[in-house]
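Heavy atoms only: backbone and side chains are in, while hydrogens, waters and symmetry mates are out. Only a predicted model underlies this, so the values are computations on that prediction, with no experimental measurement involved. Naming convention: chains lettered A, B, ... in sequence-line order (proteins, then strands); numbering from 1 in each chain.
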Amino acid sequence: MEYKFREIEQKWQKYWSDNHTYKVDIDVNKPKYYVLDMFPYPSGAGLHVGHPLGYIASDIFTRFKRLKGFNVLHPMGYDAFGLPAEQYAIQTGQHPAITTDQNTKRYREQLDRIGFAFDWSREIRTCDADYYKWTQWIFMQLFNAWYNNDTNKAESIDTLISKFETNGTSNVNAVCDEEVRSFTAAEWKSMGEDAQQKELLKYRLTYLSESVVNWCAALGTVLANDEVIGGFSERGGHPVEQKKMKQWSMRISAYAERLLQGLDTIDWPDPIREMQRNWIGKSVGALLRFKLEKFEDKIEVFTTRLDTVYGVTFLVLAPEHELVAQITTPEQKAEVEAYITKTKQKSERDRMADVKTVSGAFTGAYAINPLSGEQVPVWIADYVLAGYGTGAVMAVPSGDERDFRFAKHFNLPIVQILDSQVIEETADPTKEGKYVNSGLINGMSYDEAMKALVAKIEAEGTGKAKVNYRMRDAIFARQRYWGEPVPVYFKNDLPHLIDEADLPLVLPEVDKYLPTESGEPPLARAAGWKYKGEFEYEHSTMPGWAGSSWYWYRYMDAKNDQEFSSKEAAAYWKDVDLYIGGSEHATGHLLYSRFWNKVLKDLGYVNEEEPFKKLINQGMIQGRSNFVYRILGTNKFVSYGLRKDYETHPLHVDVNIVYNDVLDLDKFKNSLPDYADAEFILEDGKYICGHEVEKMSKSKYNVVSPDDIVEQYGADTLRMYEMFLGPLEQSKPWNTNGISGVYNFLRKFWNLFLDEKGNFSVSDEAPTKAELKALHKIIQKVEEDVARFSFNTSVSSYMICVNELTALKCNKRAILEPLVVVLSPYAPHIAEELWALLNPGKGSVINATYPEFKAEYLVEDAFDYPISINGKVKTKLNVSLALEPADVEKLVLESADIAKYLDGKTPKKVIVVKGRIVNMVI
RNA sequence: GCGGAAGUGGCGUAAUUGGUAGCCGCACCAGACUUAGGAUCUGGCGCCGCGAGGCGUGGGGGUUCGAGUCCCUUCUUCCGCACCA
């Protein structure tokens, strides 16, 4: 009876599907556990061997938890809206729904072949109207909510309206747009419906506003900040420019502090939490107003170093600052305007790349330092960003390097403010020492000075303590076709939600997936697409992150057509216990999901403040490319070791026709017409290829498909080998060469269950001590490894166990049956087959119980002590473990064998660590 | 520039509390077998050395009876952020 993995795997995959083995339901008698994978975008290329890495790990964890008695939710679905399908639709005219459906089916086939324990009855696709109905519904909740700073949570917009009706704006402490009006209750009531709606829009958690956005002309859409990398689009690498447009946004900035605080409560990798902290960018400082000379207006600056205020020798405004035009003197006008023009011409990228060059222009205006009363000139410079803080800074050249360079360049004064400051060559940002040249705070330390200054500015009304966040509100609209329609129509140019009863607002058909001639998004093409036949719908669609910002709740109750998820389901499944996915979503999906989750919680729909308790980032599987070396100008290829003797050009060769870096010459000749009559210079009769680690990609011919591996070695081998490659979090290259070791292991494991004639046979004899020890070692090891997500070390340990049992010729049921259960999370197909042979008719091994570890089987009575001298191991001595250190020392000193290493000397000191080591100092 | 992660045989890696560095596997070498195979089995395999022995976890220094592990310093690679006031 051979190990026929193809038959076995097909058989059990069918069994699982027919018997709904992995379907789970709410069961209040069992503890819940929720294991989630970041759901994939179903691309046309299908899965390569790197994609399932995280899914395999989460699957092992799921199966293990089930064996441990948990009710485990482990669903899968598709993040199916997205740009690639739409770009393809533009090229081919084919509806993106069709290609998406094809790709999804292919993904499903590929996933099924790997033998995952997904509950497919809960499958979701974000592009299904049944699903996006609820994405639209959540959008409506955000539209109908505002953030109350007094209660520190989102509330229904109704509570804001009633505040307006009773007291106007006077008792409202909200997160809102900057240019909100102040009004009394009477004024509010007399405002008129449209004016009221216009005002409310400035408070809603999702709102329409004129703002500067990242516009990508090549993709024909705006992008969120996290979709722009170094001035180029994340997808496609097209240039992105700043443009002022009316756009939907999400008021994520309201949650900045809670998003920051929450990071301390979740078990996530430090780098991800750090990236989110940076993205949120909290800084604690103060706002300070400088009065302008000759004008009524004041310049407000934000500073984190209020203590340096006496070192201010000039102010700098962003060139876009609203006061620039007003305050510029006639003499300086030409220079300032020229500078502004020059800045505008520079792209975002140029501006970022060119950090070294100092540039700026003097406005001719002066402002008064509110603390020192000194007059300081007002400049403009592009190192001050319009979008951060107030768009104006107080320049302290002694303490800030940029200000220092600016002052040197334009010959502005530099004033020392701390006695310990060294400012000959460069700025010194120190907080040490006592203040000098600093009026009020002379002689004080940093802490004293800060206290005194904050008290002073708040008392005089020239400023206040202030916390600033770098995170901006998130743009929530794309001028594209393949996304969720926004459930909004326009009346008198104002947005209104459609009736909840009219959900879902279905994506309409269009004749082309391109913008209209007038530059409107594709949805503007939809013929007769009007709300109640009368009102224009919003023509933008939602961004890619909309559908993924709440999907873990849908899995809890995927078929519910009354609610996005029932209260009962949310109360039982609560949150995701383990979330596995790539780190590329650090500041996108993982931040937006936390944001929506908090909104849903504030509005009373869910219970958890944080959606993902533990997060693990699986590493990337890189490609390992192979190369052949063509001699220049010929069709002759020289083997790797001899290539230095010729002038060659390296060419990528398909890794699937190379074995252990040896090229299959026939397959190579057949691979391309050009190669049909290729000639070779061999070494040792073989053609050896070069190799290099690169990204796995089609163009580098290093893509390995899981389908091919499953076909050749089986899914269990693939699963175990992916884990065997190394720690889950680490990036590592895929090299199919090593896989035979894992395959051989499974065959060796299988052979334990066979007699000499190759028939299935296990004995009911009592196990020996050595056999029990081998078994309990692996029971313990796998338990520990899974708990710390160290899946690679388990695989080695299984190998050790099977090597030991093979050497012991163990075929005993008492050992092998528990071993099948222990292996089943990693290699479920072979485990099912053997479990069925051991226990005919008893059902799936997933319903077995993980065997109990008993430490007594691991106890040894003697130990080979390493005997070291000055820390270097010289020999060993077998001593009973019952002996105490003093007795061990005595035996060591008496041993003639050890005496010869002592060189006749008496050790100065002997250290005996029981059960570990003996060290002698001579 | 700032922040983070990581450097161990030819390769992927292991070493859970400071206690025998290199487990497990690949590749390689030698042998056996013969349905001559990208098969299977046995043995070897960190480096230098015939050997005794010496050296060895990116480099340098330190703490310790003892350091891959802790501390200082330095180099390299990868990732993120990047005029953030």
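The separation between A:Asn870 atom CG and B:G54 atom P is 12 Å, rounded to whole Å. The distance from atom CE of A:Met720 to atom C1' of B:G12 is 16 Å, rounded to the nearest whole Å. When the C1' atom of B:C28 is taken as reference, atom CD1 of A:Ile688 falls 12 Å away, rounded to whole Å. Distance A:Met275 CE to B:C79 P: 12 Å, rounded to the nearest Å. A straight line from CG of A:Asn735 to P of B:A27 spans 10 Å, rounded to a whole angstrom. For the pair A:Ile709 CD1 and B:C26 P, the interatomic distance rounds to 16 Å; values are reported in whole Å. One interatomic measurement links the two molecules: CG of A:Asn468 to C1' of B:A85, which rounds to 9 Å at whole-angstrom precision. Put simply, CG on A:Asn225 is 13 Å from C1' on B:C84, counting in whole angstrom units.
Taking the P atoms as reference points, B:G49 lies 43 Å from B:G1, given to the whole Å. Spacing of P atoms, B:G22 relative to B:G10, comes out at 16 Å, to the nearest Å. Spacing between B:G59 and B:G68 at atom C1', rounded to whole Å, works out to 15 Å. Going from the C1' atom of B:C45 to that of B:G25 covers 14 Å, rounded to whole Å. Spacing of C1' atoms, B:C75 relative to B:A30, comes out at 41 Å, to the nearest Å. If you take atom C1' in B:U69 and the same atom in B:U64, they sit 13 Å apart, rounded to whole Å. Taking atom P on both B:G60 and B:C79, the two are 28 Å apart, rounded to the nearest angstrom. The separation of B:G3 from B:A82, taken at their P atoms, amounts to 16 Å, rounded to a whole angstrom.
Positionally, the nearest nucleotide of RNA chain B for A:Val795 lies more toward the 5' end than for the other of A:Lys872 and A:Val795. The residue among A:Glu274 and A:Gly738 whose nearest nucleotide of RNA chain B is located toward the 5' end is A:Glu274.
Neither OP1 nor OP2 of B:C11 sits under 4.0 Å from any side-chain N or O of A:Asn660. Note on A:Arg747: a side-chain N or O is less than 4.0 Å away from OP1 or OP2 of B:U40.
Closest to the A:Lys874 side chain, of the nucleotides B:G38, B:G54, B:A85, is B:G54. Distances were taken from every side-chain heavy atom of A:Met799 (C-beta onward) to each of B:C26, B:G25, B:G4; the shortest belongs to B:G25. Taking the side chain of A:Thr304 as heavy atoms from C-beta on, and the options B:G38, B:G4, B:A85, the nearest nucleotide is B:A85. In the set B:C65, B:C84, B:G3, B:C84 carries the atom at the smallest distance from any side-chain atom of A:Arg470. Each of B:G54, B:G25, B:A85 was ranked by its minimum atom distance to the side chain of A:Asn803; first place goes to B:G25. The side chain of A:Tyr659 has B:G38 as its nearest neighbour among B:G38, B:C24, B:C83.
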Full working for ring pair (Phe, Tyr, Trp, His ring centres under 6.0 Å) between A:Tyr721 and A:Trp734: CA-CA 10 Å; A:Tyr721 186 57; A:Trp734 176 271; 5.2 Å; yes
Test side-chain contact (heavy atoms from CB on, under 4.5 Å) applied to A:Phe5 and A:Tyr743, step by step: CA-CA 10 Å; A:Phe5 59 84; A:Tyr743 179 62; 3.7 Å; yes
side-chain hydrogen bond (donor to acceptor under 3.5 Å, both in side chains) between A:Asn702 and A:Ser625, worked out: CA-CA 5 Å; A:Asn702 58 10; A:Ser625 309; 3.0 Å; yes
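In this structure, A:Lys748 reaches neither bases nor backbone, as no heavy-atom distance under 4.0 Å exists between it and the strands shown. Counting any heavy atom pair closer than 4.0 Å across all strands shown, A:Phe791 reaches no nucleic acid atom. Within the nucleic acid shown, A:Asn744 comes within 4.0 Å of sugar-phosphate atoms alone, with no base atom in reach, counting heavy atoms only. Backbone-only engagement by A:Ser740 is indicated by non-hydrogen atom pairs under 4.0 Å involving sugar-phosphate atoms exclusively. Among the atoms of the strands shown, none is found under 4.0 Å from any heavy atom of A:Gln780.
Taking each heavy atom of A:Ala474 and A:Tyr592 in turn, the nearest pair found is CB-CE2, 3.6 Å.
Glycosidic torsion of B:G25 falls outside 90° of 0, placing the base in anti.
The side-chain tip of A:Lys282 does not point at the ring of A:Tyr469 from less than 6.0 angstrom away and within 45° of straight on.
B:G7 and B:C75 make up a base pair, with Watson-Crick or G-U wobble contacts both under 3.5 Å. Remark: B:G1 base-pairs with B:C81. Criterion, Watson-Crick or G-U wobble with two distances under 3.5 Å. Across every strand in view, B:U35 sits unpaired, with no contact that passes the Watson-Crick or G-U test at under 3.5 angstrom. Using the Watson-Crick or G-U wobble rule with both distances under 3.5 Å, B:U16 pairs with nothing in any strand shown.
In this structure, A:Lys408 places its NZ atom where only 12 or fewer heavy-atom neighbours from other residues, nucleotides or ligands lie under 6.0 Å away. Annotation for A:Tyr640: atom OH does not count as buried by contact number, only 12 or fewer foreign heavy atoms lying within 6.0 Å.
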Just the atom pairs and distances: protein N or O near nucleotides 14-20 of chain B's N or O, under 3.5 Å.
{"residue": "B:A14", "atom": "OP1", "partner": "A:Asn792", "partner atom": "ND2", "Å": "2.8"}
{"residue": "B:U16", "atom": "N3", "partner": "A:Glu784", "partner atom": "OE1", "Å": "3.0"}
{"residue": "B:U16", "atom": "O4", "partner": "A:Lys781", "partner atom": "NZ", "Å": "3.4"}
{"residue": "B:U16", "atom": "O4", "partner": "A:Glu784", "partner atom": "OE1", "Å": "3.2"}
{"residue": "B:U20", "atom": "O2", "partner": "A:Lys876", "partner atom": "NZ", "Å": "2.9"}

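Checked against side-chain contact (heavy atoms from CB on, under 4.5 Å), A:Ala862 has the following partners two or more places apart in sequence or in another chain: A:Asn878.
If you look at A:Tyr383 and A:Phe406, their ring centroids are closer than 6.0 Å.
Checking side-chain atoms of A:Arg273 against main-chain N and O of A:Leu263 turns up a donor-acceptor pair under 3.5 Å.
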